[in-house]
Colleague: 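Okay, handing you the structure first.
The sequence lines fix the lettering, A, B, ..., with proteins before strands; numbering per chain opens at 1.
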There are 2 protein chains.
Amino acid sequence: MGTEEATALLWEGLAAPKRGPRPTLRLDAIAGEGIALADAEGIDSVTMQRVAAALGVTKMALYRYVPGKNELVALMTDIAIGEPPRLAEVEGGWRPRLYAWALRMSERFWRHPWTLRTTVGRRPFGPNELGWLEESVAALDGTGLEGGEKLDVAATLSGHVRSLVQQGVARVSEDGIEGRFTALVRGREERFPALLAAMKSAETHDSQNKAFEFGLERILDGVGSLLEQRA
Amino acid sequence: MGTEEATALLWEGLAAPKRGPRPTLRLDAIAGEGIALADAEGIDSVTMQRVAAALGVTKMALYRYVPGKNELVALMTDIAIGEPPRLAEVEGGWRPRLYAWALRMSERFWRHPWTLRTTVGRRPFGPNELGWLEESVAALDGTGLEGGEKLDVAATLSGHVRSLVQQGVARVSEDGIEGRFTALVRGREERFPALLAAMKSAETHDSQNKAFEFGLERILDGVGSLLEQRA
DNA sequence: GTGAAACTGCGTCTATCGTACACTGTGTCT
DNA sequence: AGACACAGTGTACGATAGACGCAGTTTCAC
């Protein structure tokens, strides 16, 4: 499995050739077309065939730029995630910074929901994905947390963002606000009583943003109470 | 896309035929073989061909039991996740219950890491997956949280479990403790200083369980402090 | 200049995948 | 007994990722 090639492609890019015909394509154009396709029709619609067709080229031409499809998707993913925000400019210490981090991260996921799928499991990390992690860890500098703890907070935060965006995307793509989810519970009230009650009471006020922010505040509260306890 | 068929299969199972030859297979045996295959060689190795071969049958025979591969995977997923724990027996209120919930959930994901992939994005929910959600929401009964808030806490918790298991699985399947992850940061210290420092200080003490529990405690702390604040 | 070398994009081919469909055999109900 | 419903199989199709060889193009060394 070409994880080394993918890593090289993500970090070093494509070595410019010194001889031979001028390349018709550019790596970022290929990735860009793949991203556009994934945004419009989902990640499953991204095939070498279709990406190549969008660029006016045969699919085999792509293999001059990319070792294989996995590597292309990895590249698309890192580009779609984009550069991390510069949190050093955010005033107010760790909490506003982490808050801003989570907000912008969720924004990226919303813009390219398919990255939720392509960033699951073992995979090569690109510079941008690692950069986002760096920023979240750096936001905790000066709090007195140990290194491992910082990583843990970052993981928890990232998990929350992913989870809520995913849930939000699923909810939007349903028919109406309730959707299939509620339909399942209905008629089985005796089996999922707590769930039904919670959804009933949530129907009125629950917007997706509220859900996201609520969990986020809980996590940050938890970090805060640990810090106070140690001070 | 056959989401209705998948839902029917997950919730109602297979209607027993009244005429014709006896079926050679059973639905749970098919799903079980798929699960075994996914556990051993990963979800990508699960093809109709291989599942059928493991059962001593042609691949087309499976379509007498399952509408298609998506539905089979959905079924495998719900079975692999398994029945939710009965948290009502756990003493001590919402906190120990949610703690137990997270622990057992993570155990399930560890046992079948491929379910992390198959439970992403829009999909039909099975009774077990919904049952786990029910249990986590029910654990918050009596806390005074609103319905929407309960759902939010459940989502945050589930996100944490998924995130940390995923990270743990990735870490285990690396070479050694550090793995490719650290290798990337090394030689680029100027680009990821906070990350490098955190990983360095984490090298000594950080076990996967600690990471998981740390984030979990933070989330529960956050919920706790909200409850206290309202009391 | 000129030829060798390097590189491009294309056409062809293969293996594998999910699945549609027709067919034969088998068990049960009328 | 016969009709009917269902079982598993074999064959076929379209789509996929990718290997490989080829012909044309550009640049470098001489």
Colleague: Does Arg19(A) place a side-chain N or O at less than 4.0 Å from the phosphate oxygens OP1/OP2 of dA5(C)?
Modeller: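 Looking at the OP1 and OP2 atoms of dA5(C), neither is under 4.0 Å from any side-chain N or O of Arg19(A).
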Colleague: Report the distance from atom CZ of Arg22(B) to atom P of dG25(C), rounded to the nearest whole Å.
Modeller: 18 Å
Colleague: Select base, sugar-phosphate, or nothing to describe what Leu25(B) touches, counting heavy atoms under 4.0 Å on all strands.
Modeller: sugar-phosphate
Colleague: Does the base of dG18(D) carry an N or O that pairs as donor and acceptor with the side chain of Lys59(A) under 3.5 Å?
Modeller: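 Between dG18(D) and Lys59(A), which were checked side chain against base, a qualifying N/O pair under 3.5 Å is present.
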Colleague: Please tell me which of the listed nucleotides, dG18(C), dG27(C), dG18(D), lies nearest to the side chain of Lys69(A)?
Modeller: dG18(D)
Colleague: What distance separates Met60(A) CE from Gln49(A) CD, expressed to the nearest 0.5 Å?
Modeller: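 If we round to the nearest 0.5 Å, Met60(A):CE and Gln49(A):CD are 11.0 Å apart.
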Colleague: Which residue, Ser45(B) or Pro23(A), contacts DNA chain C at a nucleotide closer to its 5' end, judged by nearest heavy atom?
Modeller: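 Its nearest nucleotide being more 5', the pick is Pro23(A).
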Colleague: For dG8(D), take OP1 and OP2 only and decide whether either is under 4.0 Å from a side-chain N or O of Tyr65(B).
Modeller: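 It does, given that an N or O in the side chain of Tyr65(B) lies less than 4.0 Å from OP1 or OP2 of dG8(D).
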Colleague: Which sits closer to the 5' end of DNA chain D, Val57(B) or Gly20(A), going by the nucleotide each is nearest to?
Modeller: Val57(B)
Colleague: Which nucleotide in the set dT27(D), dT12(C), dT16(D) lies at the smallest distance from any side-chain heavy atom of Thr47(A)?
Modeller: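 Selected nucleotide: dT16(D).
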Colleague: Check the pair His160(A) / Phe212(A) against side-chain contact (heavy atoms from CB on, under 4.5 Å), numbers first and verdict last.
Modeller: CA-CA 8 Å; His160(A) 176 69; Phe212(A) 174 76; 4.1 Å; yes
Colleague: Nearest to the Met60(B) side chain among dC21(C), dC28(D), dG8(D), which nucleotide is it?
Modeller: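 Of dC21(C), dC28(D), dG8(D), dC21(C) is nearest to the side chain of Met60(B).
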Colleague: Please confirm whether any donor atom in the side chain of Arg64(A) sits under 3.5 Å from an acceptor in the base of dG9(C), or the reverse.
Modeller: yes
Colleague: Using a 4.0 Å heavy-atom cut-off, does Leu62(B) contact any base of the nucleic acid, only the sugar-phosphate backbone, or nothing at all?
Modeller: nothing
Colleague: Tell me whether the guanidinium CZ or amine NZ of Arg104(A) lies under 6.0 angstrom from the six-membered ring centre of Trp132(A) and within 45° of its axis.
Modeller: no
Colleague: Counting only side-chain N and O atoms of Thr58(A), is one of them less than 4.0 Å from OP1 or OP2 of dG9(C)?
Modeller: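 For dG9(C), OP1/OP2 do not have a side-chain N/O of Thr58(A) under 4.0 Å.
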Colleague: Checking contacts here: which listed nucleotide (dA17(D), dG8(D), dG9(C)) is nearest the side-chain heavy atoms of Met48(A)?
Modeller: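 Among the listed nucleotides, the one closest to the side chain of Met48(A) is dA17(D).
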Colleague: Using atom types as modelled and distance alone, determine if a side-chain donor or acceptor of Arg162(A) lies under 3.5 Å from a backbone N or O of Leu116(A).
Modeller: yes
